[in-house]
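Because the structure is predicted, anything quoted here is derived from the model rather than measured.
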Amino acid sequence: MGIDLLDWVKQIEQLGAGEICLNSIDTDGVKGGFDLPMLKAVVDSVSIPVIASGGAGKLGDFAEAFQKTDCSAALAASLFHFRELTVQQVKDDCRSKGIIVR
């Protein structure tokens, strides 16, 4: 599309977005982990919450996203839909690593 990602997220923040749900088409559905460099760059570029989406494949991917990027939240679909993990397992793992979880 010819739009720089960081310019775009800054613009949507200025236009009034309250949060960004950031999905990487390169990692979505692959289960190899979130796109941490992209996620970190966006988190560092805006002051609104950023939600990591696309790529979670194992329990540790969630805590890694929080620890390495300071994202506000992380989501997954297939891991929960196919009962590979439970939400409680993710919460417990994050808590065990010092991450505050609601």
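When all heavy atoms are compared, the tightest approach of L39 to A52 is CD2-CB, 3.5 Å. Pairing each heavy atom of A74 with each of F34, the nearest pair is CB-CZ, 3.9 Å. Between T69 and L36 the shortest heavy-atom distance is CG2-O, 3.7 Å. For C94 against V101, the heavy-atom pair with the smallest separation is CB-CG2, 3.7 Å. For the pair K97 and G60, the tightest heavy-atom approach, listed with the atom from each and the gap, is NZ-CA, 4.2 Å. Between A63 and D93, the shortest heavy-atom distance links the atoms CB-OD2, 4.0 Å.
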| task | I would like to know whether D92 and Q88 meet side chain to side chain donor-acceptor pair (under 3.5 Å); could you show each step before the answer? | result | CA-CA 6 Å; D92 291 345; Q88 193 61 52; 2.8 Å; yes
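More than 12 non-hydrogen atoms from other residues, nucleotides or ligands lie less than 6.0 angstrom from CD1 of I3. Around CG of L15, the count of heavy atoms belonging to other residues, nucleotides or ligands within 6.0 Å exceeds 12. Within a 6.0 Å radius of NZ in K68, other residues, nucleotides and ligands contribute 12 heavy atoms or fewer.
Atom CD of residue E64 and atom CD1 of residue I99 lie 10.5 Å apart, to the nearest 0.5 angstrom. For the atom pair CG of L6 and CG of D44, the computed distance is 9.5 Å after rounding to the nearest 0.5 Å. With rounding to the nearest 0.5 Å, the separation of CG in N23 from CE in M38 is 7.0 Å. Annotation: the span from F62 atom CZ to Q89 atom CD amounts to 10.5 Å, rounded to 0.5 Å. Atom OG of residue S72 and atom CD1 of residue I20 lie 10.0 Å apart, to the nearest 0.5 angstrom.
Checking L75, T86, V90 one by one against F80, the side-chain contact (heavy atoms from CB on, under 4.5 Å) holds for a single residue, V90.
L22 and I51 sit in two unconnected hydrophobic clusters of ILVMFWY residues. Membership requires side-chain heavy atoms under 4.5 Å apart, directly or through other members. L79 and V87 fall within the same hydrophobic cluster, where Ile, Leu, Val, Met, Phe, Trp and Tyr residues are linked whenever their side-chain heavy atoms come under 4.5 Å apart, directly or through other members.
Residues forming a salt bridge (charged side-chain N to carboxylate O under 4.0 Å, His left out) with K58 (at least two apart in sequence, or on another chain): D61. Listed by chain and residue number, nothing satisfies the side-chain hydrogen bond (donor to acceptor under 3.5 Å, both in side chains) test with Q11 (two or more places apart in sequence, or in another chain).
Through direct or relayed side-chain contacts under 4.5 Å between Ile, Leu, Val, Met, Phe, Trp and Tyr, F82 connects to no other residue.
Side chain of T27 to main chain of G54: a donor-acceptor pair is present (N/O by atom type, distance under 3.5 Å, no hydrogens or angles).
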